[in-house]
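Naming convention: chains lettered A, B, ... in sequence-line order (proteins, then strands); numbering from 1 in each chain.
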2 protein chains.
Amino acid sequence: MATQHDSQGEALTERQQAVLDAVLALMVEKGGDLTMTAVARRASCSKETLYKWFGDRDGLLTATVRWQASKVRAGNYDRQRLDVSALRDSLVRFAANWLSVISSPTSIALNRLAIAQGGKGDKGASNLGAIVLANGRFAIGERLRPVFEAGREAGLIAFTDTETAFRTFIGLVGRDVQIRLLLGDTLDLAGPEIERDAARATDQFLALYGTGDNAPRRPTIHA
Amino acid sequence: MATQHDSQGEALTERQQAVLDAVLALMVEKGGDLTMTAVARRASCSKETLYKWFGDRDGLLTATVRWQASKVRAGNYDRQRLDVSALRDSLVRFAANWLSVISSPTSIALNRLAIAQGGKGDKGASNLGAIVLANGRFAIGERLRPVFEAGREAGLIAFTDTETAFRTFIGLVGRDVQIRLLLGDTLDLAGPEIERDAARATDQFLALYGTGDNAPRRPTIHA
DNA sequence: GGAGAACCGTAACGTACGGTACGGTGTTTT
DNA sequence: AAAACACCGTACCGTACGTTACGGTTCTCC
């Protein structure tokens, strides 16, 4: 109780950020079994400092998740003039960005850690899974929601529940990529593949939800 | 080396199956931190027996994953007469079954374990993730493949790559359910919800891949 | 009925790791 | 300059867990 652990004060020193980056690097290359000793050695700091700054192991992990989340704040996707081309462009750019994020080694390692810690029964009041979910999946949903609703206002797409439409879009984009990567499947999404998948998913989504004029019956047989 | 660990001999005694069921039960209710002592106590057997039967902790986990996989072999989905109604029925039944499997506590706990162990660096030559992937996702794909290709042969659906079409289907069915459950999100898929989602996903898939006559332009605004 | 195997329960061992304490060093403050 | 502070490196402690060892009990087979 002597220290305040700057729980979400978010006042991170340069040095502290470097420590958290070391944690991320260690997670990526060594897996989820990262020990405090390994972190201290990698970051060239003492364990005492780690405990003073982050309280305990759980606090360190939580801070790391928040730190990574704060780095992934991607661009905004809404537009002023909204025709079908602009909407499609926004969706494709979002899909490509999201695919590249979830297939990045850092994201995989982070999700792996949060999932592993998720089932730990009583221990650890700070649920990493909830943090990842709030800063990842749900934050993304909130960021894309205005795009969907602007598209509906403009009469380009039609749906009753934004959330359901968004979940369909996310399903078309991600498919089984995330679970396969988490389970260790080696499918490397290169740049062009990501672009192609993003376009395919967006066209499929527009085929399902687009209004009559702009949605071709079956845009192309992508598969 | 005195014992043969019956690696994949699959000659499991009743007693051994009971032990593995105890492991599953323990995984579900206590999370991934299951210890050999806890397993022995829960299964009312000695640790010495555990090690004689399964070699080491990794062997026990591997046997557990295989055992669970052998219990989930669901029904077959292909038909003789194949009209659009039969195809839709097969797909809906598959989707509902798969949704109920991936949302079951056992499946969640098992995937959590496999994912957690996935990033453990050098340790553990037996990759649980690969086993789960082979017996789960890939086995499912192989089982549904004949349905897809029969549908194409019958001219009901059109695609060039079966795998890609299947992945689109799986994306429409699962959406973000699995990752959210793994991260600890509490979304309980009740029976009717599963049925509704399965029907929605199947209709969306048929809208995308169905051939002209049977695929209404936009079947219903499900969302 | 007795020998031997299979197995249960528990104690014991070695290691790994989270967390703490302490000496040493460089930097800031007064 | 001396005191105060922040931090590094390392040694240390307690515990938890994987693994092994052992005495006692039940079952099988002759």
Side-chain angles (χ1 to χ4, degrees), chain A residues 1-6 9 11-23 26-27 30-65 113 116-117 119-126 128, chain B residues 1-6 9 11-23 26-27 30-65 113 116-117 119-126 128:
Chain A
M1 49 204 38
T3 68
Q4 67 279 17
H5 301 169
D6 46 283
L12 289 178
T13 318
E14 284 278 344
R15 185 80 180 95
Q16 290 172 331
Q17 295 178 6
V19 169
L20 297 185
D21 280 329
V23 175
L26 216 48
M27 271 179 30
K30 293 286 295 182
D33 61 346
L34 48 81
T35 70
M36 299 298 279
T37 304
V39 170
R41 190 161 36 217
R42 173 61 165 257
S44 293
C45 73
S46 74
K47 289 208 287 181
E48 189 179 18
T49 303
L50 288 184
Y51 283 99
K52 187 191 298 188
W53 284 349
F54 305 106
D56 58 356
R57 185 173 187 273
D58 214 56
L60 176 64
L61 265 40
T62 303
T64 304
V65 171
L113 185 70
Q117 187 256 20
K120 281 297 174 82
D122 45 348
K123 270 303 201 60
S126 76
L128 288 189
Chain B
M1 54 209 17
T3 68
Q4 68 278 19
H5 301 169
D6 45 282
L12 289 178
T13 317
E14 284 277 344
R15 185 80 180 94
Q16 290 172 331
Q17 294 178 7
V19 169
L20 297 185
D21 279 329
V23 175
L26 216 48
M27 269 177 33
K30 292 288 294 182
D33 61 346
L34 47 82
T35 70
M36 299 299 277
T37 304
V39 170
R41 190 160 38 217
R42 173 61 165 257
S44 294
C45 73
S46 75
K47 293 207 278 182
E48 188 180 18
T49 303
L50 287 183
Y51 283 98
K52 188 191 298 187
W53 283 349
F54 305 105
D56 58 356
R57 185 173 187 274
D58 213 56
L60 176 65
L61 265 39
T62 304
T64 303
V65 171
L113 186 71
Q117 187 257 20
K120 280 298 172 82
D122 45 349
K123 272 301 203 61
S126 75
L128 288 189

Using the salt bridge (charged side-chain N to carboxylate O under 4.0 Å, His left out) criterion, which residues pair with A/R42? Sequence neighbours excluded.
A/E29
Would you say that B/L60 contacts B/Y51 through its side chain, given a criterion of any heavy-atom pair below 4.5 Å between the two side chains?
no
When you check the phosphate oxygens OP1 and OP2 of D/dC8, does a side-chain N or O of A/R15 lie under 4.0 Å from one of them?
yes
Distances for protein N or O near nucleotides 18-22 of chain D N or O, under 3.5 Å:
{"from": "D/dG18", "atom 1": "OP1", "to": "B/R57", "atom 2": "NE", "distance (Å)": "2.9"}
{"from": "D/dG18", "atom 1": "OP2", "to": "B/M36", "atom 2": "N", "distance (Å)": "2.9"}
{"from": "D/dT19", "atom 1": "OP2", "to": "B/Y51", "atom 2": "OH", "distance (Å)": "3.2"}
{"from": "D/dT19", "atom 1": "OP2", "to": "B/R57", "atom 2": "N", "distance (Å)": "3.1"}
{"from": "D/dT19", "atom 1": "O4", "to": "B/K47", "atom 2": "NZ", "distance (Å)": "2.3"}
{"from": "D/dC22", "atom 1": "N4", "to": "B/E48", "atom 2": "OE1", "distance (Å)": "2.5"}

A/Q17: partners by side chain to side chain contact (heavy atoms under 4.5 Å, CB included), with sequence neighbours left out
A/L12, A/W67
Taking side chain to side chain contact (heavy atoms under 4.5 Å, CB included) as the test, write out the residues that go with A/A116, two or more places apart.
B/A116
D/dC27 C1' sits how many Å from B/E14 CD, rounded?
18 Å
Rounded off to whole Å, could you give me the CG-to-C1' distance for the B/L50 and D/dC17 pair?
14 Å
Any residue meeting side chain to side chain donor-acceptor pair (under 3.5 Å) with A/T35, in chain and number order, not counting sequence neighbours:
none
Using the test side chain to side chain contact (heavy atoms under 4.5 Å, CB included), find all partners of A/T49 that sit at least two apart in sequence or belong to another chain.
A/S46, A/W53
Could you list the residues that satisfy side chain to side chain contact (heavy atoms under 4.5 Å, CB included) with B/L113, not counting sequence neighbours?
B/M27, B/L61, B/L128
Quick check for you: name the first and last nucleotides of DNA chain C, 5' to 3', having an atom under 4.0 Å from a heavy atom of chain B.
C/dC7 to C/dA11
With sequence neighbours excluded, what pairs up with A/T13 under the side chain to side chain donor-acceptor pair (under 3.5 Å) test?
A/Q16
